[in-house]
Amino acid sequence: MTSFKELGLVNTREMYKKAINQGFAVPGYNFNNLEQLQAIITACVETRSPVILQVSKGAREYANATMLRYMAMGAVEFAKELGCSIPIALHLDHGDTFELCKDCIEYGFSSVMIDGSSHPFDKNIELTKKVVDYAHKYDVTVEGELGVLAGIEDDVQSEHSHYTNPDDVQEFVEKTNVDSLAISIGTSHGAYKFKVKPGEEVPPLRFDILEEVEKRLPGFPIVLHGASSVLPEYVEIINKYGGKLENAVGVPEDQLRRAAKSAVCKINIDSDGRLVFTAKVREHLWNNPKEFDPRKYLKPARDELIKMYKRKNVEVLGSANKI
Ligand code: G3H
Ligand code: 13P
Ligand code: ZN
């Protein structure tokens with residue numbers, strides 16, 4: 001058993017308290033490899049932002065559990081070396097079983113999500129409570145989910161979303177003692193969030209549901225998944241240099257700005273990072289067909305990622321200078 005405290009990590013409790021009181025959202029950025037992690041840490045140090053490093057079940061399988069533990073420890077030291085010790089949490093994104101959550105806690109995660117949203121309400125409560133009871137023994141914080149997002153939630157694929165029912169949230173939080181709650185208000189995972197015709201605006205998020213949830217759970221941390229904006233400039237680069245992403249659409253950033261000022265304390269962004277990375281690698285390889293040194297095409301991707309995350313922290317989430 002490695003405690004997250006030995007790795008220099010923190011859980012999400014203090015971050016969320018500050019986020020609620022000061023009206024911003026902590027970034028929940030997903031990573032799978034070294035370059036993504038370097039970019040996230042550099043951007044968050046340079047903007048003096050707290051950060052939640054997110055690892056999905058698939059990312060953990062890809063990177064290896066032991067490697068990840070040392071990468072997280074390395075990230076804490078890297079931040080200090082860059083000149084600023086920022087609060088860093090290591091979070092399991094969309095954990096689907098008690099065993100996976102327990103394993104992550106034993107490997108030094110400071111926060112876990114148990115996503116029981118595909119189960120009936122009572123089963124979701126039972127599973128979430130079991131994870132919370134275990135996690136809290138080690139001071140690890142837990143995120144639950146109510147309502148279903150369309151798209152892929154790790155291995156769970158749902159074609160249709162169903163919004164969170166505000167009448168359920170109080171009972172869920174009271175019975176599980178969970179530390180934060182992901183809700184469904186119209187976002188979805190991936191790069192194809194809305195079907196819109198050319199020139200048509202994407203439908204607004206259901207802020208009415210968010211407001212009802214806030215009324216039922218005053219001061220309680222809410223989480224927004226599926227919050228990439230699918231930045232058109234990167235989709236364009238991908239398509240210009242041989243990619244084929246058609247009708248990719250995300251959540252407009254002004255809606256995320258509004259959410260960040262509310263009880264939404266964490267905003268999850270994965271796809272935007274993937275798009276930036278892919279765009280820059282494609283561009284470099286297209287323009288330099290003889291190149292085969294990975295450092296040559298990964299560096300521009302990493303540099304662009306840093307720029308994108310910094311802008312998100314400053315202009316969208318409001319998490320800059322909130323350490
Ligand atoms: O919510 C899903 C995240 O974007 C993680 O995706 O399971 O492909 O790593 P993944
Ligand atoms: P995006 O696919 O919109 O980046 O959502 C990521 C997410 O919710 C991770 O849990
Ligand atoms: Zn998610």
Side-chain angles (χ1 to χ4, degrees), residues 12 25-33 36-37 39-40 51-65 68 71 89-97 100-101 104 109 111-118 142-158 161-162 164 180-194 202 205 221-232 234-235 238 245 247-253 255-256 259-260 264-279 305 308-309 311-313 316-317:
T12 58
V26 181
Y29 293 142
N30 289 61
F31 78 100
N32 306 270
N33 65 22
Q36 289 172 311
L37 182 58
I40 295 168
V51 66
I52 298 175
L53 299 172
Q54 306 209 123
V55 175
S56 69
K57 181 179 167 183
R60 197 163 180 254
E61 283 163 7
Y62 175 80
N64 177 274
L68 272 174
M71 283 170 86
L90 180 65
H91 174 79
L92 169 66
D93 190 27
H94 294 286
D96 56 350
T97 61
L100 176 61
C101 293
C104 286
F109 281 57
S111 174
V112 293
M113 175 187 193
I114 177 69
D115 180 356
S117 62
S118 59
V142 180
E143 175 184 325
E145 180 168 329
L146 268 182
V148 178
L149 272 70
I152 298 160
E153 296 207 334
D154 233 338
D155 293 337
V156 187
Q157 186 158 358
S158 39
S161 67
H162 60 80
T164 305
S180 60
L181 183 67
I183 61 168
S184 172
I185 58 166
T187 61
S188 60
H189 291 108
Y192 304 93
K193 299 191 190 299
F194 307 99
V202 303
L205 299 181
I222 301 301
V223 174
L224 200 59
H225 282 248
S228 280
S229 294
V230 188
L231 302 158
Y234 297 107
V235 175
I238 290 174
L245 298 181
N247 307 317
V249 181
V251 184
E253 288 189 337
Q255 298 203 32
L256 298 172
V264 170
C265 285
K266 172 164 69 97
I267 290 190
N268 283 9
I269 296 173
D270 186 359
S271 298
D272 278 343
R274 296 178 180 196
L275 292 168
V276 167
F277 208 92
T278 303
L305 264 188
M308 188 273 287
Y309 289 132
R311 198 187 62 75
K312 289 272 184 196
N313 291 352
V316 184
L317 310 180

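Order of appearance sets the numbers: ligands from 1, and atoms from 1 within every ligand. Since we're looking at a predicted model, the values are computed, not measured. Hydrogens, waters and symmetry mates play no part in the numbers below; they use all other heavy atoms, side chains included.
Ligand 2 places these atoms under 4.0 Å from at least one heavy atom of His225: 8 (O), 10 (O). Close approach to Ile269 involves these atoms of ligand 2, each under 4.0 Å from a residue heavy atom: 4 (O). Contact atoms of ligand 1 toward His189: 1 (O), 2 (C) (distance under 4.0 Å to a heavy atom of the residue). The Asp93 neighbourhood of ligand 1 comprises atoms 1 (O), 3 (C), with distances under 4.0 Å to a heavy atom of that residue. Close approach to Lys193 involves these atoms of ligand 2, each under 4.0 Å from a residue heavy atom: 1 (P), 2 (O), 3 (O). Atom numbering of ligand 1 starts at 1 in the shown order; those under 4.0 Å from a heavy atom of Asp270 are 3 (C), 4 (O), 5 (C), 6 (O). Residue-ligand proximity, Asn30 to ligand 2, at heavy-atom distances under 4.0 Å covers atoms 9 (C). Using a 4.0 Å cut-off to heavy atoms of His94, the atoms of ligand 2 that qualify are 10 (O).
Of the options Ile52, Thr12, Ile222, a side-chain contact (heavy atoms from CB on, under 4.5 Å) to Lys266 is made by Ile52 and by none of the others.
Between Leu256 atom CG and Ile267 atom CD1 the span is 5.0 Å, to the nearest 0.5 Å. Between the CG atom of Leu275 and the CG atom of Leu231 there is a distance of 7.5 Å, given to the nearest 0.5 Å. Thr164 contributes atom OG1, which lies 7.0 Å from atom CG of Leu181 (distance to the nearest 0.5 angstrom).
With a 4.0 Å cut-off on non-hydrogen atoms, Ala227 touches ligand 2 through its backbone and not its side chain. For Asn268, no heavy-atom contact with ligand 1 is shorter than 4.0 Å. Contacts of Met113 with ligand 1, taken as heavy-atom pairs under 4.0 Å, are absent altogether. Under 4.0 angstrom from ligand 1, there are no non-hydrogen atoms of His225.
Ser184 contributes a side-chain N or O that, together with a main-chain N or O of Val148, makes up a donor-acceptor pair within less than 3.5 Å. In this structure, Gln255 contributes its side chain and Leu205 its backbone to a donor-acceptor pair below 3.5 Å. Ser228 places a side-chain N or O within 3.5 Å of a backbone atom of Ser271 that can act as its donor or acceptor partner. Distance alone, capped at 3.5 Å, is enough to place a donor-acceptor pair between the Gln36 side chain and the Asn33 backbone. Of the possible polar contacts, none joining the Ser111 side chain to the Val142 backbone as a donor-acceptor pair under 3.5 Å is found. Here the side chain of Lys193 pairs a donor or acceptor atom with the backbone of Ser188 at under 3.5 angstrom. Side-chain atoms of Asp93 never come within 3.5 Å of backbone atoms of Val55 as a donor-acceptor pair (strictly under, hydrogens ignored).
Checked by distance only, ligand 1 and Asn32 stay at 3.5 Å or farther apart across all their nitrogen or oxygen atoms. For ligand 2, the polar-atom distance check against Ser228 finds a nitrogen or oxygen pair separated by under 3.5 Å. The shortest N or O to N or O distance between Asn30 and ligand 1 is not under 3.5 Å. No N or O atom of Gln54 sits closer than 3.5 Å to an N or O atom of ligand 2.
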**Report entry** From CA spacing to verdict: side chain to side chain contact (heavy atoms under 4.5 Å, CB included), Arg60, Cys104
**Finding:** CA-CA 9 Å; Arg60 197 163 180 254; Cys104 286; 3.6 Å; yes

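In terms of distance to the Zn ion (ligand 3), the nearest N, O or S atom of His225 is named ND1. Among heteroatoms of the N, O or S kind in His189, NE2 lies nearest the Zn ion (ligand 3).
Here the side chains of Gln54 and Met113 are not in contact, with every heavy-atom distance at 4.5 Å or above.
Given atom 8 (O) of ligand 2, the protein heavy atom at minimum distance is Gly226 N, 2.8 Å. Distance from atom 10 (O) of ligand 2 to its nearest protein heavy atom, with residue and atom name: Asp93 OD2, 2.6 Å.
At least one heavy atom of Ser56 sits closer than 4.0 Å to an atom of ligand 1. In this structure, Glu61 falls outside the shell of residues with a heavy atom less than 4.0 angstrom from ligand 1.
The option with the heavy atom closest to atom 7 (C) of ligand 2, from among His189, Met113, Arg274, is His189.
Using the six-membered ring where Trp is involved, His225 and His189 have ring planes that are perpendicular, over 60° apart on the 30 and 60° scheme.
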